[in-house]
Every structure is written in structure tokens, then in C-alpha cells.
Amino acid sequence: MRKTLGLLLFSVLLSIQVSAQTFTLEQLNGFNKLTMDEFKKEMKQLQFKFYDRTEGLSFLLTEYEAPDYTSKIGKFEYKEEKSEDRIEFEFKDKKEYDQYLKLILAAGYKETQKGKIITKEPYTDYYRNKEHIRLILPKAGESIPYTIIVFK
């Protein structure tokens, strides 16, 4: 609890909020450090509503939706390959996407790779040392969702 509170205070002081339901890069990165139980408690405190839970052969995904239904956040935990753990944040606003891109570049991340994920949405990867962030645009012809993935 104390660690979570300190993490939130630290991230609020160090960063710029884009909108009421948006998380800072530091918060998204911090969610990776939480256990699944701590993440669930944090989402309840932020008044996000449980959305879905998916359990695959090698992972567990728990998703929450913003109170205003404009965004969704999910935490992936992998059973064997912990380095694959990640936070995935979906939102609907292009301005928010542009703001994240600005923050990522200002924080010293460098673009390293572009491609398409398995469902055909275009992505761009950014790295700073060993830290990895992926920005995903909506599919061609669609206007939502925009996604930021912060890998552990």
C-alpha cells in the first residue's frame, strides 16, 4: 500500500497529465511493477470498472474500463516469461496519441521499428536503454482505438 501510494505521488509530481482518464508514462511503467492484486486495488481506487479477465495457456490478462468509457487498461502477466509482462492502455483520442508520442520522444526514447501487429494495426516501437514502449494506431479505415503498450 505504501509502495503504491509513493509510486502514485512520484508519478504525479514528475509528469504531465494529458486528460482526466489518461495515465502518465511513469504511472503506466509503475503498474508493471505492481502485483496483479495491487493493480486491481489501484484500479478500484481510480474508480475504473472491471471489464474482462482472460486466461491463456501462458498468460493472465485483467482489464478495466474508465468510468466515462473512453479508455481501457489491461495488465498482462506471463507465467513463464516475466519479461513479456506489460500494461496496455487503449484510448479514443488522436490528440492523446500525439501527446504520448511527444512525451516518449522528450523522455529520450528512440524509434526503432515499425510494422503491423497480427490484427493488422500499424505500430511503432520506441526504446530507451532496455525500456520498451509500443504505440499502435487504429486499423486502416478506422478511427479507434489508439494503444500504448509499456513492456516490463
Side-chain angles (χ1 to χ4, degrees), residues 3-4 6-36 38-40 42-43 46 48 51-54 56-66 68-152:
K3 177 173 77 172
T4 304
L7 176 68
L8 278 177
L9 289 173
F10 177 74
S11 61
V12 168
L13 290 172
L14 274 180
S15 50
I16 302 163
Q17 287 287 16
V18 180
S19 75
Q21 296 302 324
T22 298
F23 297 104
T24 64
L25 293 176
E26 290 82 2
Q27 284 174 308
L28 292 171
N29 198 28
F31 291 148
N32 269 327
K33 294 178 174 93
L34 301 176
T35 65
M36 190 62 85
E38 290 170 332
F39 177 72
K40 290 175 184 178
E42 192 65 39
M43 290 301 106
L46 295 170
F48 272 61
Y51 180 80
D52 196 16
R53 181 177 187 269
T54 306
L57 292 175
S58 62
F59 72 91
L60 173 64
L61 165 63
T62 304
E63 296 174 286
Y64 288 86
E65 193 166 45
D68 63 1
Y69 305 105
T70 60
S71 62
K72 189 168 55 170
I73 187 167
K75 180 174 179 65
F76 284 84
E77 279 190 335
Y78 284 80
K79 294 174 185 159
E80 291 164 22
E81 192 53 58
K82 289 301 194 182
S83 65
E84 293 292 317
D85 288 2
R86 63 183 179 261
I87 296 295
E88 190 170 295
F89 181 57
E90 286 184 7
F91 49 94
K92 298 178 180 179
D93 189 358
K94 172 77 164 94
K95 285 194 299 190
E96 230 173 305
Y97 177 91
D98 292 340
Q99 186 66 34
Y100 272 121
L101 179 56
K102 252 190 224 175
L103 291 170
I104 288 167
L105 295 173
Y109 286 84
K110 302 286 184 227
E111 181 181 315
T112 58
Q113 178 178 330
K114 289 185 175 198
K116 290 192 179 201
I117 61 174
I118 196 164
T119 52
K120 305 291 186 225
E121 291 93 336
Y123 73 85
T124 306
D125 282 341
Y126 298 88
Y127 279 87
R128 179 178 71 186
N129 301 320
K130 294 185 181 198
E131 297 173 30
H132 179 195
I133 293 177
R134 175 173 285 174
L135 289 177
I136 303 172
L137 291 166
K139 281 183 188 176
E142 296 184 13
S143 61
I144 59 171
Y146 293 90
T147 306
I148 182 171
I149 300 175
V150 179
F151 292 89
K152 192 169 193 177

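Quantities reported herein were computed from a predicted structural model and do not represent experimental measurements.
When every heavy atom of E81 is checked against every heavy atom of Y78, the shortest pair comes out as O-CB, 3.3 Å.
In this structure, CG on N32 lies 6.5 Å from NZ on K152, to the nearest 0.5 angstrom. A distance of 7.5 Å separates CG of L135 from CG of L137, quoted to the nearest 0.5 Å. Here the CZ-CD1 distance, from R86 to I149, works out to 5.5 Å after rounding to the nearest 0.5 Å. Here the CD1-CG distance, from I133 to N29, works out to 7.0 Å after rounding to the nearest 0.5 Å. Separating the OG1 atom in T124 from the CD1 atom in I136 is a distance of 9.5 Å, to the nearest 0.5 Å. Atom CD of E77 is separated from atom CD of E84 by 13.5 Å, given to the nearest 0.5 angstrom.
Taking the six-membered ring where the residue is Trp, F76 and F59 present tilted rings, their angle falling between 30° and 60°.
F31 places none of its side-chain heavy atoms less than 4.5 Å from the side chain of V150. Within the 4.5 Å cutoff, side-chain heavy atoms of K40 are placed close to those of T62. Between E88 and T147, some side-chain heavy-atom pair lies under the 4.5 Å cut-off. In this structure, the side chains of L28 and I73 come closer than 4.5 Å at one or more pairs of heavy atoms.
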What donor-acceptor contacts under 3.5 angstrom involve side-chain atoms of residues 103-114, with partners at least two apart or in another chain?
{"from": "Y109", "atom 1": "OH", "to": "E131", "atom 2": "OE1", "distance (Å)": "2.7"}
{"from": "T112", "atom 1": "OG1", "to": "D125", "atom 2": "O", "distance (Å)": "3.4"}
{"from": "Q113", "atom 1": "NE2", "to": "Y123", "atom 2": "OH", "distance (Å)": "2.8"}

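Screening M43, K72, K75 for a side-chain contact (heavy atoms from CB on, under 4.5 Å) involving Y64 leaves a single residue, M43.
Residues that satisfy the ring pair (Phe, Tyr, Trp, His ring centres under 6.0 Å) test with Y126, not counting sequence neighbours, are absent from this structure. In terms of the side-chain hydrogen bond (donor to acceptor under 3.5 Å, both in side chains) criterion, residue partners of K94 (sequence neighbours excluded) are, by chain and number, D98. With sequence neighbours excluded, no residue forms a ring pair (Phe, Tyr, Trp, His ring centres under 6.0 Å) with Y51.
A centroid separation of less than 6.0 Å is found between the aromatic rings of F23 and F48. Aromatic ring centroids of F91 and Y100 lie under 6.0 Å apart.
Listed by first and then second residue, the ring-ring contact (aromatic ring centres under 6.0 Å, His included) pairs involving residues 131-152 are Y97-Y146, Y127-H132, H132-F151 (not counting sequence neighbours). Among residues at least two apart or in separate chains, there is no salt bridge (Lys or Arg N to Asp or Glu O under 4.0 Å) pair with a member in residues 137-149.
Atom NZ of K79 has more than 12 neighbouring heavy atoms from other residues, nucleotides or ligands inside a 6.0 Å radius.
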